[in-house]
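See structure below.
Each residue takes its place number in the sequence, starting with 1.
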Amino acid sequence: MDRAKKLVSIVCILGIVLAVSLGGGCATKSQTGALTGAGAGALIGGLANMHGSWGATALLGAGIGAGAGYLIGNEEDKKDAAKRQAASKEELKPLAGTKWQVVSITPKPEKSFKSIVTHFKTDGTVVTTTTGMDGKVLKQTERYRVVGSTLILSKPEYVENTKFTIKGNKLTIDYGNGNVVMKRVS
């Protein structure tokens, strides 16, 4: 390939890389990573084989770069999502670090139990340990936040908002068609 064709090829590849990299409007870092990776891969692939079929190597480089860029961007998206879900210390008050035992549930649940203890941890998780009449123990972990007098419990598949009040060592959670009364254990 003569010098002029090489120069035109390099300018075209750089134009593609610039257009892809500045493609703004990407909703996620995985999308941005895929576009940037494709552009960088195309440039590297095209420049790596300037003597032969530079288009094919540029295309191969774009594919590899898009895949790698997507994977890197996707990990960044996951980190961002985890940061958004983490509750601040203010959002955990006044329940953070407390443990409560169920005294009563209205209406009465279908299954009987020996005890239910709920531990609101300082990391924004709440662990509820239920001991059945047969001695089997079931633990359930959820995320929680407090906004005013609303307790927000969540898992990836649901979010539940309940009203609550604390009076001394008594916590009452009102979930609309019933309530749970708990006494403070620690």
Rounded at 0.5 Å granularity, tell me how far [atom1] in [X] sits from [atom2] in [Y].
X    : Y    : atom1 : atom2 : result
E91  : R143 : CD    : CZ    : 10.5 Å
K139 : T131 : NZ    : OG1   : 9.5 Å
L151 : I173 : CG    : CD1   : 5.5 Å
F120 : T128 : CZ    : OG1   : 7.0 Å
K163 : D174 : NZ    : CG    : 9.5 Å
I116 : T129 : CD1   : OG1   : 10.0 Å

Can you find a pair of side-chain heavy atoms, one from [X] and one from [Y], that are under 4.5 Å apart?
X    : Y    : value
V147 : R145 : yes
V159 : I152 : yes
V127 : Q140 : no
Y144 : K121 : no
L92  : V146 : no

Ring pair (Phe, Tyr, Trp, His ring centres under 6.0 Å) filter on F164, not counting sequence neighbours, yields none
- prompt: Have Y158 and E142 got a donor and an acceptor in their side chains that come within less than 3.5 Å?
  reply: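 Looking only at side-chain atoms, E142 and Y158 do form a donor-acceptor pair, the distance falling under 3.5 Å.
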Q. In this structure, are over 12 heavy atoms from other groups packed under 6.0 Å from K183 atom NZ?
A. no
Please tabulate, one pair per line, all N/O donor-acceptor pairs under 3.5 Å involving side-chain atoms of residues 94-112, not counting sequence neighbours.
{"residue": "T98", "atom": "OG1", "partner": "L95", "partner atom": "O", "Å": "2.6"}
{"residue": "T98", "atom": "OG1", "partner": "W100", "partner atom": "NE1", "Å": "2.7"}

Please walk me through it: do T118 and V126 pass side-chain contact (heavy atoms from CB on, under 4.5 Å)?
CA-CA 7 Å; T118 300; V126 57; 3.2 Å; yes
task: Indicate if V117 and F113 have the same hydrophobic cluster label, given that clusters are the connected sets of ILVMFWY residues with side-chain heavy-atom separations under 4.5 angstrom.
output: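 They do not share one cluster, since no chain of ILVMFWY contacts under 4.5 Å joins V117 to F113.
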